[in-house]
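Read the structure below first, then the notes.
We name chains A, B, ... by the order of the sequence lines, and we start the count at 1 in each one.
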Amino acid sequence: MTSISTAPAAAPVEELAAGYPSPLKEFWQGFSHNKGAVAGLVFMSIVAFCALFAPWIAPYDPIEQFRDYFLTPPAWAAGGSSQFLLGTDELGRDILSRLIYGARLSLLIGLVSVVMALIPGVVMGLLASFFPKALGTLIMRLMDVMMALPSLLLAVAIMAILGPGLVNAMIAIAVVSLPAYVRLTRASAMTELNRDYVTASRVAGAGLFRLMFVTVLPNCMAPLIVHATMSFSSAILEIAALGFLGLGVQPPTPEWGTMLASARDYMDSAWWVVTLPGLTILVSVLSINLMGDGLRDALDPKMKRAA
Amino acid sequence: MSLLQIKNLSVEFGSEKNPFRAVEGLDLSVDQGEIVGIVGESGSGKSVTMMAMMGLLEGQGRIVADELTFDGKNLLTISARERRKIVGKDIAMIFQDPMTSLNPSYTVGYQIMEVLKVHQGLRGAELKARALELMELVEIPAAKTRLEAYPHQLSGGMSQRVMIAVALACNPKLLIADEPTTALDVTIQAQIMDLLVNLQKERNMALLMITHDLAVIAEVAHRVAVMYAGQVAEEGTVPQLFRHPVHPYTQALLSSIPEHSKGARRLVTLPGIVPGQYDRPSGCLLSPRCPYVQERCRNERPGITAHEHGAVRCFYPLFEKKEAP
């Protein structure tokens with residue numbers, strides 16, 4: 001039993017001269033703690049820089065064919081020439097230039113398909129958590145059906161309906177990754193909905209729209225950002241897979257997966273034609289995944305809220 | 001006329017066929033400038049009553065009442081849009097756990113200003129000044145710096161002060177405090193209670209205090225309602241009810257306060273637990289636990305009857321002091 005007749009609120013006099021660290025600074029402290037994540041960030045920044053300034057960085061036009069230099073090995077290998085740093089492919093095109101231009105497409109596809117999956121995914125997930133009875137059940141069962149199909153098979157099926165091409169490939173990848181976003185958003189929104197601040201917000205007179213997007217959504221963002229990063233890399237892999245199957249980007253447009261596919265026949269005679277695009281995909285995906293790990297460390301709500 | 005008037009309120013959960021009555025036949029009125037306490041064990045329906053009143057149970061519970069008016073407006077028939085206007089502005093609420101009742105994604109200042117913007121239409125410098133004023137009103141030191149703080153950067157007591165600031169932002173006529181000090185330690189509890197009571201006096205608000213801490217009620221409230229299993233067991237003015245409880249449950253509650261058992265080796269307890277959904281007795285809800293139980297109590301449910309100092313729901317109220325057999 002407590003007595004409440006004790007001292008008046010003698011607030012301790014304290015000085016907060018420095019103020020609070022900005023959330024951005026706090027985030028960077030968490031992120032930079034993970035060295036792998038920083039390495040991933042550096043590599044992806046380079047790739048992004050190359051993609052943005054491709055016309056100025058790339059030594060040649062990616063579809064220009066040098067008839068005298070079919071399958072030239074990279075500069076450091078025997079028979080290589082310093083004219084083509086990473087060698088040329090079966091049609092005499094500079095591989096370095098094609099990789100640099102290919103980064104444009106891969107990043108664009110990754111970004112667009114993530115955004116195309118994220119926005120409807122978040123909206124559907126929030127709706128499912130706010131109206132768990134009829135609408136929520138409908139949405140979640142639909143997502144279950146989509147998750148029951150192997151993702152590449154589903155993507156190929158969608159491509160078969162829509163026809164090959166860059167935009168259709170992005171749509172296919174977005175549709176395939178949609179269920180994960182819906183489930184993730186719904187799960188974290190459900191936990192947040194039980195917290196007092198949501199009730200407080202309702203008491204303060206917040207409408208449905210405000211509750212969904214202003215009150216609850218920002219608190220669900222941390223896992224979503226991490227997942228978006230991860231699915232960015234899987235989008236790059238999937239577009240490469242679709243390109244390899246001949247359903248994605250059509251030649252001669254430079255794209256990493258398509259480059260792999262067309263180099264298939266030269267695997268024995270000219271290793272660099274297939275190895276270099278393969279390595280580029282590998283290192284990029286690895287970097288993005290490392291970055292995702294770092295983001296998770298920095299944005300983990302459990303670590304953040306233990307103030 | 002009372003500010004808040006509730007008559008015969010019932011809240012049901014579950015299916016139509018097999019409903020669970022979380023609140024049953026509840027009467028309550030709160031006047032302007034009055035502090036009313038609601039006490040009861042966990043699960044006695046204290047919070048559900050408040051939720052029902054503010055329309056926060058939509059889609060979950062069925063609410064039936066003879067009368068549910070606030071400031072002359074009927075909350076039962078009002079549209080959701082109208083209710084949001086009243087509930088946000090004239091009724092405010094403080095919650096039990098200050099660590100989860102502020103939105104972790106926004107700064108404290110933003111959360112205060114949001115309410116001011118929506119309900120009072122303040123903008124710019126005026127808005128900022130008012131937010132700072134509110135922070136100082138609830139005695140937050142270094143208020144200006146703390147406007148920029150996120151909830152996880154504040155302690156529990158500080159967060160509760162911020163919650164009070166948010167609640168007071170629109171000068172509510174009724175403030176509902178749902179166990180405002182339960183999650184805080186004892187010294188901070190005292191500070192927060194002092195603050196609440198001072199603010200209540202200053203602004204002549206009505207304060208509805210939900211708690212299971214009898215000392216808090218004894219100290220600050222004018223009237224108190226004791227709830228048991230969704231019903232008001234006894235209602236009365238404060239010194240009277242604490243000195244001469246007439247309902248066996250109230251008497252048991254008061255005698256289980258540790259201070260009353262000084263010298264005794266064991267604390268006085270009321271055996272048993274609050275009946276749940278499936279084991280409600282057919283008679284008086286207290287009958288399985290009541291030390292004074294009679295045959296009639298096991299078969300009939302008592303209604304609430306007014307007496308000189310309040311009202312009681314018992315066939316055999318303890319107007320003369322009796323010792324438990």
Please classify the contact between A/Val214 and chain B as side chain, backbone, both or neither, with a heavy-atom cut-off of under 4.5 Å.
both
Donor-acceptor pair, side chain of B/Tyr106 and main chain of A/Pro218, under 3.5 angstrom:
no
Of all the heavy-atom pairs spanning A/Gly207 and B/Arg84, show the shortest one and how long it is.
CA-CZ, 3.7 Å
For B/Ile91 and A/Val203: C-alpha separation, side-chain torsions, deciding distance, then whether side-chain contact (heavy atoms from CB on, under 4.5 Å) applies.
CA-CA 8 Å; B/Ile91 308 179; A/Val203 173; 5.8 Å; no
Counting only heavy atoms from other residues, nucleotides and ligands, does the tally under 6.0 Å from NZ of B/Lys46 exceed 12?
yes
From A/Arg195 CZ over to B/Leu102 CG, what is the distance, rounded to the nearest 0.5 angstrom?
12.5 Å
Step through the shown structure and confirm whether more than 12 heavy atoms of other residues, nucleotides or ligands are within 6.0 Å of CZ on A/Arg183.
no
Checking A/Ser201 against chain B: side chain, backbone, both or neither under 4.5 Å from a heavy atom?
neither
How many angstroms lie between atom CD of B/Glu114 and atom OG1 of A/Thr215, to the nearest 0.5 angstrom?
6.5 Å
What pair of heavy atoms forms the shortest contact from B/His119 to A/Ala204, and how long is it?
NE2-O, 2.7 Å
Distance check, rounded to the nearest 0.5 Å: B/Asp97 atom CG versus A/Asp196 atom CG?
6.5 Å
Closest non-hydrogen atom pair between A/Ala200 and B/Ser101, with its separation
CB-O, 4.0 Å
Between CE of B/Met93 and CZ of A/Arg202, what distance do you get to the nearest 0.5 Å?
11.5 Å
